[in-house]
Structures are given as C-alpha cells and as structure tokens.
Amino acid sequence: MKNIAILGATGSIGISTLDVISRHPEKYSVFALSANSNWKKMEKLCIKYMPKIVVMDDEEAAENLRKVAPDGVMVLQGKSALNDVASHQNTDFVMAAIVGSAGLSSTFAAATSGKRVMLANKESLVLGGNLLINAAKESGAELIPVDSEHSAIFQCLQGGKEGLKKIQLTASGGPFLKTPVEDLINVTPKQACNHPKWKMGQKISVDSATMMNKGLEVIEAHFLFQLSHSKIEVVIHPQSIIHSFVYFNDGSVLSQLGLPDMRSAISFALSYPGRQNSGVESLDLTKQESLEFLSPDMDKFKCLGLAYGALEQGESAPGTLNAANEVAVEAFLNKKIGFLDISKTIEKTLAINPISRLDTLASVVENDHLSRQIARSIIEPRLS
Ligand SMILES: NC(=O)c1ccc[n+]([C@@H]2O[C@H](COP(=O)([O-])OP(=O)(O)OC[C@H]3O[C@@H](n4cnc5c(N)ncnc54)[C@H](OP(=O)(O)O)[C@@H]3O)[C@@H](O)[C@H]2O)c1
C-alpha cells in the first residue's frame, strides 16, 4: 500500500489523481491533501477520501475547514506544513500539482526526502531545473513526469537513450490556433480559457492559448531528459491524440497515443514501471478525425520563442520568464492587461532583469521575487 500526498488536490490534476487512486483502493491510500483557499471543495474531498492530514495555504480557509472537517482529519496551515507533508516519513508518493511557482518549495521538499515525485508542476523545473534534478539524484527520489508530453517521452525512452536524435513535443495550438493575429488583441479571459481539447486550470489554459505552456514544457524537457534546446522541437497537432515523438538515429520514431485525458499520465506515474486501469477509454483510431501536424507560427505565438530564448540563455533566464508570465497571466485574467500584453511583459522583464547564477533554492526564490517586481512595474503604468 502506497501513501499518497496530493498537493493541489482541489485542482484539475488533483481531482483526476483522486479519481485514479479511488479505482485501486488495494494499492493506494490518500494520506494527505493540500489546497490554497478552496476549503469548501476540500471539505467534500475530506468526507469522501478521509485523508490523515490536510494543509491549506490560506489561514482563514484552514480555520473554516477545521470547524467542519470530519473527525480524524488533521487540518494544518501554511508553507512549512506543506513541506512537512511532502517530506513526511509516512508519505510514499507526492503528486506535485500546485499551480505556478507556489509549488516550488514543496516539490523540493519531496525531492530532497527521496519520495516518488509525480511532477505536474512544471514550473518547479523551469525555476530550479538543475537544483531539483540534483536534489532528486542525491536523495534517490524518482521524478516521474505527469505532463502528458513528457510522460509520453518518458514511456518511449524506457529502452534507454542510446541513438536518441531529437524529441518533438506535440502542442494542440490552443483555442487561437486559427485566429488571425490581429484579432488576438481583443480576446477575453473566457475565450482564452476555453481550450478545445483539454479541461485544465485557468493559468495553464491561458498558457496554452499563448503557447507559453509549450515553451515551459520545452524547458521542462531540457532538464528532465538532459537534452539541449536544439534537440527539442515543437509540432502542432490539434487533435491531441499523439502525445509527442522520440526520433532515433536508425530512422525509427516512437510515440505514445491516447485520448486527451490526464488520467493516463497520472496513472502511469502512480503505477510505474507497471500499468493499471486509469478509467480512460481506449483509443479507436478508426473513429478519429484525421490527424494533422503543423509547424508553430513563431510570429503569432511569441511566448514560445521567448521560452526558447530563455532556455538558450540559461541560468536565471527561465525563472525570470516564468515569474513574468505568472504575473502577466494573472493580470490578464483580472482584465488589467490584454492578451498580447502577456508576451510584451515577459520580453521587457527578461530585458531588464540581468542574468544571474542560481546555485541555491534561496537564490531561485530571490530571482522569482525580483522578476515579479519588475513585471508588476511594467504592468502598473497601464493601470493608471
Ligand atoms: N490541468 C492539466 O491538464 C495539466 C496538465 C499538465 C500539467 N499541469 C500542471 O499541473 C499543475 C496544476 O495544474 P491544474 O490545471 O491542476 O491547476 P488548477 O486546477 O488551477 O489547480 C491548482 C491547485 O493548486 C492550489 N494552489 C493554487 N495556488 C496555491 C498556493 N499559493 N499555495 C498552495 N496551493 C495553491 C489550488 O488550490 P485552490 O483550489 O484552493 O485554489 C489547486 O488545488 C500546473 O503546474 C500545470 O501546469 C496541468
């Protein structure tokens, strides 16, 4: 029996993880759950899954939950409680599914304490790539990708990396794949969050619409698979059936296919190296529309180019890119800036914040804070 801690349990990945776990009560037990402030949703999860520990980041939410949580559920609050749960001696597997850089420190806590880290929070790798990889190596932690593309590549590389030529991440192209660039100026948060294939949280949905999500994934792939940026390509595949390609130098190309449902990748991260029922229907290719593949329009999806640029620059640049993106996406969701201002804010932040070496978690966090300050100062004048 494996004890699972799901960090970001109230979110899209968190709920899908609970769905997979509940199909295998003989294998997995819900040990701990965490969320930010949504205590009402957490109350329902407590009643259904009876975790031993719940951590809410927000103080008021924790107080409210304590009043209604069932007996036997201990409600804790704050970041250090979250790290304690991630590294708890009774925790076996950690689902790192907090959105954004807020997930950094708990992902590190899990990685430094030798857990199986099921990594949905790609931002942790973007911010502290080498540090996280090294921390996992030192402690013996397993980093299993949950992003569907990285899970696909991870699955295709089970035979090893010998003869690996390049990888190609597939991208749906998001809701604006066919929207002319001049029409993007007026798109609303609701339109940006209306993803044609994947049902996801708001932040990653906007990232998909700008294609920053793919940019973050390129950086994630660089660290996970230890490949240079020149060996990581992106191809648009609107049907989201093929979840990436791995090219070998004997002319072979391996890929993993499946319906666009995150439970497949989550299930594999749980059952690795084995497989189990995830609740996802099998693919029937005879019933699928035809599969298309296109090169991304780098003039339209500027965020993708910015991400490649930051990866090439290295050091603190990916962290700066990520921080500026988080600030800009939040401002866009709050209707403070337009859709096209997202890439402009990131570009300016990258130009202002000098590249620095990030050797410690503290320096990663410091760069994140500084980049946020810069991004906010770029957005502020527009607000006045
Ligand atoms: N959704 C997908 O299909 C998908 C696919 C691949 C990768 N990912 C990655 O998985 C991660 C989660 O995505 P998602 O779509 O599941 O996000 P989501 O639906 O927005 O859920 C985010 C979760 O994080 C919690 N959270 C937010 N801010 C927090 C904070 N400051 N401290 C502690 N917890 C906080 C939220 O709690 P509250 O509910 O209380 O706000 C919620 O439980 C992201 O890194 C995303 O890039 C997602």
Side-chain angles (χ1 to χ4, degrees), residues 5-20 32-45 54-62 64-65 75-83 85-86 94-107 109 117-127 144-152 169-172 174 193 195-208 210 212-217 219-221 224 240 243-244 259-266 268-269 280 322 325-326 329-330 333 368 372:
I6 305 176
L7 314 184
T10 49
S12 156
I13 292 287
I15 296 298
S16 293
T17 306
L18 286 164
D19 180 276
V20 176
L33 299 177
S34 94
N36 182 22
S37 57
N38 194 345
W39 64 273
K40 288 192 174 160
K41 193 162 181 182
M42 186 58 93
E43 182 196 359
K44 290 189 186 131
L45 297 183
V54 166
V55 183
M56 301 299 293
D57 192 56
D58 184 82
E59 209 173 324
E60 204 182 319
N64 287 331
L65 185 63
V75 179
L76 304 174
Q77 186 266 322
K79 292 177 182 31
S80 80
L82 190 64
N83 294 348
V85 155
V94 175
M95 170 52 79
I98 291 175
V99 63
S101 62
L104 178 71
S105 127
S106 51
T107 305
V117 186
M118 302 181 284
L119 192 66
N121 178 261
K122 65 194 87 185
E123 295 90 343
S124 292
L125 267 182
V126 173
L127 281 163
I144 315 277
V146 168
D147 240 328
S148 57
E149 298 77 5
H150 303 70
S151 172
L169 303 176
T170 49
S172 68
C193 289
H195 197 280
K197 291 286 171 195
W198 297 95
K199 216 174 161 300
M200 309 181 286
Q202 278 195 318
K203 191 258 176 184
I204 184 175
S205 297
V206 176
D207 284 350
S208 287
T210 61
M212 177 54 94
N213 183 47
K214 212 47 55 183
L216 298 177
E217 287 180 12
I219 301 172
E220 181 186 10
L224 269 178
S240 300
H243 303 307
S244 287
L259 291 171
D261 186 324
M262 287 306 295
R263 289 177 300 172
S264 294
I266 291 167
F268 188 69
V280 179
N322 181 71
N325 181 54
E326 287 190 24
V329 169
E330 195 185 343
L333 285 169
D368 180 64
R372 282 166 192 274

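Whatever order the structure lists them in is the order used to number ligands and atoms, beginning at 1.
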- Message: Students should find this: residues with any non-hydrogen atom under 4.0 Å from ligand 1. What is the answer?
- Response: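 Residue list for ligand 1: Gly8, Ala9, Thr10, Gly11, Ser12, Ile13, Ala35, Asn36, Ser37, Asn38, Asp57, Ala97, Ile98, Val99, Ala102, Ala120, Asn121, Lys122, Glu123, Asp147, Met200, Gly201, Ile204, Met262.
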- So, the side chain of Asn121 versus the backbone of Gly100: is there a donor-acceptor pair under 3.5 Å, distance only?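 Looks like yes, one N/O pair under 3.5 Å.
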- Message: I'd like to know whether Val85 forms a side chain to side chain contact (heavy atoms under 4.5 Å, CB included) with Ser34, so could you lay out the CA-CA distance, the side-chain angles of the two residues, the decisive distance to 0.1 Å, and finally the verdict.
- Response: CA-CA 9 Å; Val85 155; Ser34 94; over 6 Å; no
- Under 3.5 Å, is there a donor-acceptor pair between the His243 and Thr170 side chains?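 No, Thr170 and His243 have no side-chain donor paired with an acceptor closer than 3.5 Å.
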- Query: Between the side chains of Asn38 and Thr10, is a donor N or O closer than 3.5 angstrom to an acceptor N or O?
  - Reply: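 Their side chains do not contain a donor-acceptor pair, so the 3.5 Å distance test is not met.
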- Message: Please determine whether the number of non-hydrogen atoms from other residues, nucleotides or ligands lying under 6.0 Å from atom CD of Gln77 exceeds 12.
- Response: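 Correct, the count exceeds 12.
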- Query: So how far is it from Thr107 OG1 to Leu7 CG, rounded to the nearest 0.5 Å?
  - Reply: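 Result: 7.0 Å between the selected atoms.
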